[in-house]
K.L.:
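Got a structure for you, questions after.
Reminder, nothing fancy here: chain letters follow the sequence lines and each chain counts from 1. Both backbone and side-chain heavy atoms feed into the values below; hydrogens, waters and symmetry mates do not.
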Amino acid sequence: MSDLLAHLNPPQLAAVTLPAQHALILAGAGSGKTRVLTTRIAWLVSTGQVGPHGILAVTFTNKAAKEMQARLAAMLPINTKGMWIGTFHGLCNRLLRAHYREAGVPSLFQILDSGDQLSAIKRLLKNLGVDDEKFPPRELMHFINAHKEQGIRAAQAEAYDDYTGRRVALYAEYEAQCQREGVVDFAELLLRSYELLTRNEPLRRHYQQRFRHILVDEFQDTNRLQYAWLKLLAGHGGTTPDAAGASVFAVGDDDQSIYAFRGAEVGNMRDLEREFQVANVIRLEQNYRSHGNILDAANALIKHNRGRLGKNLWTEAGAGEPIRVFEGFSDIDEARFVVDEIRELVREGVSRTQIALLYRSNAQSRVLEHQLFSLGVPYRVYGGLRFFERQEIKHALAYLRLIANADDDTAFARVVNFPARGIGSRSAEALQEAAHRANSSLYNAAAGLGGKPGAAVGHFVRLVETLRAETANLPLPETVEHVIEKSGLRQHYLSEKEGQERLENLDELVNAASNFVQEEADTIANNGDAGALASFLAHASLEAGEHQAGEGQEAVQLMTVHAAKGLEFDVVFITGLEQGLFPHENAAQERQGVEEERRLMYVAVTRARRRLYLSHAQTRMLHGQTRYSLPSAFFEEIPEGLLRKISRAPAYAATPPSRKASAYSAEALPMSQTSANGWRIGQNVQHAKFGCGVIVAAEGRGPEARVQINFGPGGMKWLALEYAKLAPA
DNA sequence: CTCCCAGTTATTTTT
DNA sequence: TAACTGGGAG
């Protein structure tokens, strides 16, 4: 046990060995947060304060849950499988499977991922004859999820106007449809298990007494429902706090809260402190990742935010290099600089996997990729389609879902005519119609219809029935294999010209099933083969798999700043640091928007271990138009002394820029972009009220003429030339 | 049913 | 610019 606590710094040690009371750990970037969390659990268990049974550890991502699981397995001589360690959604799934009757869901309920949910909503609108122009499915989905994440059911939702009234009604219809089909979306997993525990007192007491210690990772990312769920499990559910409740150990960093846009409430940190009367707030401020200059920059930047819980990172490592700043005259120029610099670093021996290229939005990767590709630098882009989201995989899973639950209309609609078997839109509509009238599932309607609108529908029903019968006693991997074969999926992709990769993925699905069976052997043994299929399907929905994109080993890493959270690299390039892009212009409108952008920048900066580059471009191709921007306001928020402006290394300076000759001078800008009244796009101007800006766009002539100006911190403004008092700057 | 064209739109994303 | 969607034609 003593080596368990060895090498912990004083605050870390204090956090790990805190008595069984509520605690809030403010863990700065690179301060050993995961280590504290796992060591805390290991310490609690190995000192006999609590059995593995009494632990509940919650994370946001499967990756984090797995890492915690693995580290614990290495620290403790016991089987860690008995502990409840997982994501919010994974744990709720577990709860609902265990108590499906009490929760009012079928034993083999299916989980809709966001794509499935969207198709379910589209189908609902079609069935009800609702105009999807007036009620865009995406918007409705967001409306429904936002309500669920606030713990609000359709019955309680406020209809403050006619339009919202309609949306609430659709929310109610959606709930009914899900219930009928025996499916549950992501938000529903949480809400349903929250309601289960609220309404079922014996069950609630059982879990409240069972879990003695609740540990939460990335607490700043919790939404309201997740917080309420934690409160309930910790015994803070009723008006009378339960004396026998669990101790909550929450670890988070308000400065790294970057998911407000999807419902995260940083305020939960303060609420926890207040409502749980947290006496133990511990700050982990010693950073083991970055050199001093990088931390100083991060600290100075984040100081511009208000209402922080407060934290200042420091390191024992030296100051290190200054932060390098580069200004390109175009996005292409910027990319060229970045790639030249990368090649130089690689030549000096830096591993490409230790170089990260970060950007605010995915579209920015294009130019960078182009440059990397043309100079033959291996790279890997994060994001994009993941394994279980690929269409061939979703198709195969849909067949499996129908076997497990014939009422799953989303799965039915997906594959009833895939591979094509002559069930076109008219048969599909007839089916929808029949199902709607009979208030039954598509599958039942199809079975009841017999063979009337063409034998094809009957064929499909029989196919599914045959598949179900034939796979009833097969082990999971064989079931998957069988379904791929007999559904005609393999045949279909065999004859498709681009089908090769899809076939490989289908084979990979069989492998995934084998691995799953092996890993979950003990869990599955209790539930039988039907249980194995259901848990595999849940696994597929809850864990979409790796962001697979060219597993190239020695490759430069490209990703959005969001995707970089939690990662670290020796060398980091933050690109596109321009006003309007980063901070993003849409954020200026949102409440607290700019502060969230600043936290995003803080996350980006603190990814770097040894060297940090900040780059921006004067012009950039955006939505097919050339945009002119000022450097990001964030440059002003970092002490000048930490920054060093650099220009291209002499050897590369000679490379002729392609898009425009002679950079850096406004005169070089194309005259075709000249607007009325002598003002030019790209020109720097001064405005009495808004200060300095750049003309970004222009329209109209004479007295109608308007120009759009990017005023940096002042935002983007359209001004009529006739009235605006502009002066050249 | 499939293919093609025109129109639309354009932060960030895990489960 | 480019990617995706929906509608219409073959």
K.L.:
Are A/E369 and A/R366 ion-paired here, with the side-chain N under 4.0 Å from a carboxylate O?
P.N.:
no

K.L.:
Between the side chains of A/R262 and A/E149, is the shortest nitrogen-to-carboxylate-oxygen separation below 4.0 Å, so that they form an ion pair?
P.N.:
no

K.L.:
Between the side chains of A/E181 and A/R123, is the shortest nitrogen-to-carboxylate-oxygen separation below 4.0 Å, so that they form an ion pair?
P.N.:
yes

K.L.:
Could you say whether A/G90 or A/N362 is positioned toward the 5' end of DNA chain B, judged by the nucleotide with the nearest heavy atom to each?
P.N.:
A/N362

K.L.:
For A/Y493 together with A/H395, are the ring centres under 6.0 Å from each other?
P.N.:
no

K.L.:
Strictly by side chain to side chain donor-acceptor pair (under 3.5 Å), give each pair with a member in residues 128-143 of chain A just once, sequence neighbours left out.
P.N.:
A/E139-A/R167

K.L.:
With a cut-off of less than 4.0 Å, is there a side-chain N or O of A/S114 near OP1 or OP2 of B/dT15?
P.N.:
no

K.L.:
Do the side chains of A/D113 and A/R386 get close enough for a salt bridge, i.e. N-O under 4.0 angstrom?
P.N.:
no

K.L.:
Classify every nucleotide of nucleotides 1-9 of chain C by which part a protein heavy atom approaches to under 4.0 Å, writing B for the base, S for the sugar-phosphate alone and - for neither, in 5'-to-3' order.
P.N.:
BSS------

K.L.:
I need the NE2-C1' distance between A/H142 and B/dT11, as an integer number of Å.
P.N.:
13 Å

K.L.:
Does A/H562 lie flat on the base of B/dT12, that is, centres under 5.5 Å apart and planes under 30° off?
P.N.:
no

K.L.:
Rounded to whole Å, how long is the line connecting atom CG of A/L385 with atom C1' of B/dT13?
P.N.:
14 Å

K.L.:
When the P atoms of C/dT5 and B/dT12 are considered, how many whole Å apart are they?
P.N.:
16 Å

K.L.:
Show the distances under 3.5 angstrom between N or O atoms of the protein and N or O atoms of nucleotides 1-9 of chain B.
P.N.:
unit_1: B/dC1; atom_1: OP1; unit_2: A/N417; atom_2: ND2; d: 2.3
unit_1: B/dC1; atom_1: OP1; unit_2: A/I423; atom_2: O; d: 3.3
unit_1: B/dC1; atom_1: OP2; unit_2: A/G424; atom_2: N; d: 3.0
unit_1: B/dC1; atom_1: OP2; unit_2: A/S425; atom_2: N; d: 3.3

K.L.:
Please report, rounded to the nearest Å, how far the P atom of B/dT14 is from the OH atom of A/Y382.
P.N.:
12 Å

K.L.:
Please determine whether any donor N or O and acceptor N or O are separated by less than 3.5 Å between the side chain of A/T87 and the base of B/dT14.
P.N.:
no

K.L.:
Measure CG/A/D113 against P/B/dT15 and give the value in whole Å, please.
P.N.:
12 Å

K.L.:
Before accepting this row, confirm whether a basic side-chain N of the pair A/R627/A/E578 lies closer than 4.0 Å to the acidic partner's carboxylate O.
P.N.:
no

K.L.:
In this structure, how many angstroms lie between the C1' atom of B/dT11 and the CG atom of A/L581, rounded?
P.N.:
9 Å

